[in-house]
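Computed from a predicted structure; not experimentally measured. Throughout, numbering of the chain's residues begins at 1 and tracks the sequence.
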Amino acid sequence: MSQNFAFLDEHSKKEIRRKTLKAIAIPGYQVPFASRELPIARGWGTGGLQLTLSLVGQKDTLKVIDQGSDESVNAVNIRNLIQSTTGVEETIHTGEATLIQSRHRIPEVPLKPFQILVLQVPQPEPLRVVEASERKTKMLHGDKDYSGAFIKLFEQIMKYGHITDDADYPVMVNDRYVMAPSPIPRFDNPKMNHNDGLILLGAGREKKIHAVPPYTKVESLAFEDYPFEVEQFDDKVCRESGLTGVYMDELQDEETGETYYMTNDTSYMLEKMNEGAVNNAKQ
């Protein structure tokens, strides 16, 4: 029995591509699609995986990230499935990849015009926390009525004195649709604005695809007196690489109990460490 290239049958890939093109044509709009069964459970990245399998070609170079790491169990298993059914080249270097699938992070290295970033999305509807009905959320999107999304942020300010959403922070795309950008940290939201690459977002369990085309305006929701702010790491130093100003994980040394910080994007950290080693060798 022969295996289809990229696992999915050609009719499935064509349908997903058509829906992807519609999502690109209407930035931020949630396009329904017929989510296929895959050898992983829904909720573990099937939406992003279906996008990747429908788009990958024999000449592509693939990178898969899970919360900043190329070597987590989820990243390794997804990469193995794609590679075993396509034979495409793999890389850990963001700049070398043509197709990048990621869970919960946008890489530190800016995307280039030839690159596609696929983000896995558990809940694509930004209004779901204030409206349970799918029919009503569609009507709200149609009317551009996003008062519920702003009320949610306002309630956080009233209760805590600041906006508490640390991830999946809603954004306005192309001055039209409010979009859930996947559970990426707030730190990554500005990377979507007028980005050089194509960003695709897939929710397999919810059967939705949405997109941010290159050079599209993306603004995080905020108020004039409570502007949007990202997490600040300027005063933190990565213990392994000495990097600053990047998104970091706060960790604790098991032996000493000391709190320390490490760069979340592991491939970026390794690249910078290798650059430092080469420069030191030249000196």
Could you please spell out the steps behind the salt bridge (Lys or Arg N to Asp or Glu O under 4.0 Å) verdict for D165 and R186?
CA-CA 8 Å; D165 281 354; R186 286 183 300 171; over 6 Å; no

For E90 and I82, run side-chain contact (heavy atoms from CB on, under 4.5 Å): C-alpha distance rounded to whole Å, both residues' side-chain angles, the deciding distance at 0.1 Å, then the answer.
CA-CA 10 Å; E90 306 171 13; I82 300 169; over 6 Å; no

Residues T137, R128; criterion side-chain contact (heavy atoms from CB on, under 4.5 Å); working and verdict
CA-CA 7 Å; T137 56; R128 186 63 66 230; 3.4 Å; yes

Might you work through the side-chain contact (heavy atoms from CB on, under 4.5 Å) test for T91 and L62, ending with a clear yes or no?
CA-CA 6 Å; T91 184; L62 174 71; over 6 Å; no

Check against side-chain contact (heavy atoms from CB on, under 4.5 Å), I116 and L200
CA-CA 7 Å; I116 299 175; L200 302 175; 3.9 Å; yes

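Residue M269 is not grouped with residue I65 when hydrophobic side chains (ILVMFWY) are merged at heavy-atom distances under 4.5 angstrom, including chains of intermediate members.
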Side-chain polar contacts of residues 205-216 - donor-acceptor pairs under 3.5 angstrom, sequence neighbours left out - could you list them?
| residue | atom | partner | partner atom | Å |
| --- | --- | --- | --- | --- |
| K208 | NZ | Q30 | OE1 | 3.3 |
| K208 | NZ | E134 | OE2 | 2.8 |
| H210 | NE2 | A180 | O | 3.2 |
| T216 | OG1 | P213 | O | 2.8 |

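Scored by the ring-ring contact (aromatic ring centres under 6.0 Å, His included) test, Y226 finds no partners at all (sequence neighbours excluded).
Contact record, F150 with L221: CZ-CD2, 3.9 Å, taken as the closest heavy-atom pair.
Within the structure, salt bridge (Lys or Arg N to Asp or Glu O under 4.0 Å) pairs that include any residue of residues 54-68 comprise K63-D70, D66-R103 (at least two apart or interchain).
Between Y177 and H141, the ring-plane angle classifies as tilted under the 30° and 60° cut-offs.
A donor-acceptor pair shorter than 3.5 Å can be found between the side chains of N264 and D249. With 3.5 Å as the limit, one finds a donor-acceptor pair spanning the side chains of E271 and H93.
A salt bridge is defined here as a Lys NZ or Arg NE, NH1 or NH2 lying under 4.0 Å from an Asp or Glu carboxylate O, and E131 with K138 fails to meet this definition. One finds no salt bridge joining R17 and E15 here, because no Lys/Arg side-chain nitrogen approaches an Asp/Glu carboxylate oxygen to under 4.0 Å. Taking 4.0 Å as the cut-off between side-chain N and carboxylate O, E275 and K272 count as a salt-bridged pair. At a threshold of 4.0 Å, the pair R105-D265 does not count as salt-bridged, since none of the basic side-chain nitrogens sits closer than that to a carboxylate oxygen.
Inter-residue side-chain proximity for T20 and L51 is flagged as met; some heavy-atom pair is nearer than 4.5 Å. Here the side chains of R36 and L8 are in contact, with some heavy-atom distance below 4.5 Å.
Proximity of a side-chain donor or acceptor of K112 to a complementary backbone N or O of D196 within less than 3.5 Å is not detected. When atom types are taken as modelled, the side chain of S182 and the backbone of Q120 share a donor-acceptor pair closer than 3.5 angstrom.
Environment of CD in E254: sparse, with no more than 12 heavy atoms of neighbouring residues, nucleotides or ligands closer than 6.0 Å. Other residues, nucleotides and ligands contribute over 12 non-hydrogen atoms within 6.0 Å of the CZ atom of F223.
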